[in-house]
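Step one of this worksheet: look at the structure below.
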Amino acid sequence: QVQLVESGGGLVQPGGSLRLSCIAPGSIVSINAMGWYRQAPGKQRELVAAITRGGTTNYADFVKGRFTISRDNAKNTVYLQMNNLKPEDTAVYYCNARRLGTIVPGTFGGYWGQGTQVTVSS
């Protein structure tokens with residue numbers, strides 16, 4: 001199974017910022033949607049943000065105004081800029097990519113990364 005490669009996680013204090021990156025290997029062609037999910041201990045995986053090839057974005061309510069998703073189609077790369085981080089943002093963040101369709105809450109198809117840990121703590 002082809003995997004996406006994430007980077008950029010780490011430990012940050014409340015109110016701080018992190019930028020996650022995810023690269024899809026060149027063997028995955030014609031990617032339409034890319035996005036980020038997260039999963040905290042004991043909780044289900046949930047959609048954080050997604051973006052289509054054309055640049056249409058959608059965000060979970062709990063990150064609106066704080067997180068920004070962007071992508072570079074030429075590099076098969078998606079980014080998640082996370083500002084004003086809160087302790088409740090602590091989770092493993094997973095990158096997702098799909099060749100067909102869009103990424104909406106409650107769906108889990110396509111290609112995945114191995115996850116990157118984000119910890120928000122003082």
Side-chain angles (χ1 to χ4, degrees):
Q1 176 74 12
V2 176
Q3 276 199 321
L4 312 177
V5 180
E6 300 126 334
S7 61
L11 173 64
V12 64
Q13 292 186 342
S17 298
L18 282 175
R19 187 188 193 216
L20 306 183
S21 300
C22 169
I23 299 174
S27 57
I28 305 176
V29 298
S30 302
I31 294 174
N32 181 40
M34 300 187 80
W36 292 93
Y37 288 71
R38 71 185 188 186
Q39 188 166 17
K43 295 188 177 181
Q44 291 187 334
R45 191 171 297 192
E46 59 186 358
L47 178 63
V48 175
I51 184 168
T52 66
R53 188 172 187 84
T56 301
T57 59
N58 66 287
Y59 295 92
D61 286 343
F62 52 79
V63 302
K64 283 182 180 177
R66 300 189 298 126
F67 292 10
T68 302
I69 190 170
S70 61
R71 66 187 281 179
D72 184 332
N73 292 331
K75 296 181 179 179
N76 263 11
T77 301
V78 64
Y79 307 96
L80 186 68
Q81 177 66 43
M82 305 186 292
N83 298 327
N84 191 21
L85 283 160
K86 305 175 181 180
E88 51 264 43
D89 293 318
T90 296
V92 178
Y93 284 70
Y94 296 92
C95 181
N96 180 246
R98 301 181 194 179
R99 297 182 60 199
L100 301 175
T102 56
I103 297 174
V104 296
T107 63
F108 302 96
Y111 302 90
W112 292 90
Q114 77 287 354
T116 185
Q117 177 71 45
V118 172
T119 302
V120 185
S121 175
S122 56

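Since the structure is predicted, the reported quantities are computational estimates derived from the model, not experimental observations.
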Taking every non-hydrogen atom, the tightest pair across [X] and [Y]:
| X | Y | answer |
| --- | --- | --- |
| Ala33 | Gly101 | CB-O, 3.7 Å |
| Val2 | Pro25 | CG1-CG, 3.2 Å |
| Ile51 | Ser70 | CD1-CA, 4.0 Å |
| Ala91 | Ala40 | CB-N, 3.8 Å |

Is [Y] close to [X] at the side-chain level, that is, under 4.5 Å between some pair of heavy atoms?
| X | Y | result |
| --- | --- | --- |
| Val78 | Cys95 | yes |
| Arg71 | Thr57 | no |
| Thr68 | Tyr79 | no |
| Val5 | Cys22 | no |
| Thr90 | Val118 | no |
| Leu80 | Val48 | yes |
| Thr119 | Val12 | no |
| Asn58 | Leu47 | yes |

Under 3.5 Å, is there a donor-acceptor pair between the side chain of [X] and the main chain of [Y]?
| X | Y | answer |
| --- | --- | --- |
| Arg99 | Val29 | yes |
| Asn96 | Gly109 | yes |
| Glu6 | Gln114 | yes |

For the CD atom on Glu88, are there more than 12 heavy atoms of other groups (residues, nucleotides or ligands in this structure) within a distance under 6.0 Å? yes
Approximate separation, where rounding is to 0.5 Å, of [X] [atom1] and [Y] [atom2]:
| X | Y | atom1 | atom2 | result |
| --- | --- | --- | --- | --- |
| Thr77 | Asp72 | OG1 | CG | 6.0 Å |
| Phe62 | Lys86 | CZ | NZ | 11.0 Å |
| Ile28 | Leu4 | CD1 | CG | 5.0 Å |
| Tyr94 | Leu20 | OH | CG | 13.0 Å |
| Asn73 | Met34 | CG | CE | 8.5 Å |
| Arg45 | Tyr37 | CZ | OH | 9.0 Å |

Tell me the side-chain hydrogen bond (donor to acceptor under 3.5 Å, both in side chains) pairs involving residues 12-36, sequence neighbours left out?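 The answer is Ser17-Asn83.
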What I want to check is whether the side chains of Arg98 and Thr107 have a donor and an acceptor closer together than 3.5 Å. yes
Provide the full list of salt bridge (Lys or Arg N to Asp or Glu O under 4.0 Å) pairs with a residue in residues 21-41, sequence neighbours left out, each pair given once.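 Output for this query lists Arg38-Glu46, Arg38-Asp89.
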